[in-house]
Amino acid sequence: MSELVIKNLHVNVEDTEILKGVDLTIKSGEVHAVMGPNGTGKSTLAYALMGHPKYNVTKGKATLNGQDLLNLDPNERSSLGLFLAFQYPVAVPGVSVANFLRTALNAHRKYEDPEDKGISIPDFRKKLKEKMALLKMDQSFAGRYLNDGFSGGEKKRVEILQMATLEPKFSILDETDSGLDIDALKIVSDGINAISSENHGVLVITHYQRILNYIKPDFVHVMLHGRIVQSSGPELALKLEDEGYEWLREKHAA
Ligand code: ADP
Ligand code: MG
């Protein structure tokens, strides 16, 4: 069993405090959703956990199985089993999806064992084929340049393919639902569900409740003004769907 623990996390972006003390514990096997209006700090939480240099942790801590994450480089955090699916995936022309994934996978293996020579090409091909089938992706994707000219839905699918290939302990999905039509949302959600296991903890960041019809959260948290102001079971997502965020804004004026 693994545990991702976030305690009293304060994060600045360019001298403005965005996160003002976030507490959150996720155990493997659990699905947590963080919901909230735009601009409340949801992506800031994701970036700060992953180690984006623009997101400056000023206070608090984050640990994975007791190990401090905050003094590690993003690649080390990734090797330890933390994964972030970006809200806005970037294109890398010149690097194929397959090459990118194999490089990332081999970097993880090397982190674990400096003597590791990397996954063999046939083994990698087999693994990639399997994971692409899981996500109902056409095999031709593997040879295309990463996110180059991909539709919104295709980009999100590649993020999940990356997650499936790297087999992290904890995944943060930042608005994976945005820009997806209902069919793509179903395929992506099915893919996430197919990967989820008792060895995998998931943090779904979303503005809308819609994706939570497909990925069932065990816990729902609401973020407002850089704090988690409410935590509850899945019924909270339905209440937010019905009533919006206004009642919470009134209760927690900035
Ligand atoms: P959410 O994901 O909940 O919509 P964000 O975490 O993206 O919110 O943003 C929270 C606040 O931090 C916003 O006011 C936003 O303008 C600011 N912010 C986030 N990232 C940056 C950045 N890279 N540069 C400047 N301001 C930022
Ligand atoms: Mg965001």
Side-chain angles (χ1 to χ4, degrees), residues 4 6-24 26 31-62 69-70 73-74 77 82-91 147 150 152-153 155-160 162-163 170-180 184-185 188-189 192 202-212 215 217 219-232 236-237 239-241 243-254:
L4 178 67
I6 301 157
K7 274 206 180 124
N8 193 29
L9 196 70
H10 290 249
V11 175
N12 279 12
V13 180
E14 286 163 6
D15 297 331
T16 306
E17 185 167 65
I18 308 291
L19 293 190
K20 299 168 182 165
V22 171
D23 293 281
L24 188 62
I26 304 176
V31 177
H32 290 245
V34 168
M35 302 183 68
N38 286 329
T40 50
K42 303 184 300 297
S43 293
T44 300
L45 174 63
Y47 282 132
L49 285 176
M50 212 61 226
H52 190 304
K54 254 188 128 163
Y55 296 76
N56 200 357
V57 175
T58 55
K59 214 188 207 180
K61 56 184 208 169
L69 288 173
L70 298 177
D73 292 337
R77 300 182 200 203
L82 191 63
F83 177 78
L84 169 62
F86 286 114
Q87 181 170 6
Y88 304 108
V90 291
N147 291 325
F150 285 21
K155 285 183 189 175
K156 295 300 167 83
R157 236 183 275 188
V158 170
E159 293 295 286
I160 303 308
Q162 211 185 128
M163 175 174 111
F170 290 97
S171 296
I172 306 165
L173 310 176
D174 192 3
E175 309 237 1
T176 294
D177 48 339
S178 70
L180 296 187
L185 180 66
V188 165
S189 303
I192 294 166
V202 181
L203 178 61
V204 181
I205 294 175
T206 181
H207 183 93
Y208 300 104
Q209 176 301 127
R210 191 178 71 147
I211 191 172
L212 304 179
I215 303 171
F219 304 94
V220 174
H221 314 273
V222 182
M223 186 176 274
L224 256 192
H225 315 305
R227 285 193 186 90
I228 287 175
V229 297
Q230 188 119 352
S231 293
S232 186
L236 179 57
K239 184 174 163 77
L240 293 168
E241 172 85 342
E243 302 178 22
Y245 293 106
E246 213 44 51
W247 61 282
L248 278 169
R249 281 189 213 268
E250 281 161 19
K251 222 167 116 183
H252 301 275

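Counting starts at 1 for both ligands and their atoms, in listed order. Small disclaimer: the values here were computed from a predicted structure and weren't measured.
Classification of Arg249 and Glu246 as a salt-bridged pair holds, one side-chain N sitting under 4.0 Å from a carboxylate O.
With the Mg ion (ligand 2) as the vertex, OE1 of Gln87 and OG of Ser43 span 80° to the nearest 10°.
Inspection of the Thr206 and Lys42 side chains reveals no N or O donor paired with an N or O acceptor under 3.5 Å. A donor and an acceptor atom, one from each side chain of Asn8 and His10, are located under 3.5 Å apart.
Taking the six-membered ring for Trp, His221 and His32 have ring centres closer than 6.0 Å.
For ligand 1, the 4.0 Å heavy-atom shell takes in Val13, Glu14, Ile18, Pro37, Asn38, Gly39, Thr40, Gly41, Lys42, Ser43, Thr44, Lys54, Tyr55, ordered by chain and residue number.
Counting only heavy atoms from C-beta outward, the side chains of Phe219 and Leu236 never approach each other to under 4.5 Å.
Using bins of under 30°, 30° to 60° and over 60° for the plane-to-plane angle, the ring pair Tyr47/His52 lands in the perpendicular bin.
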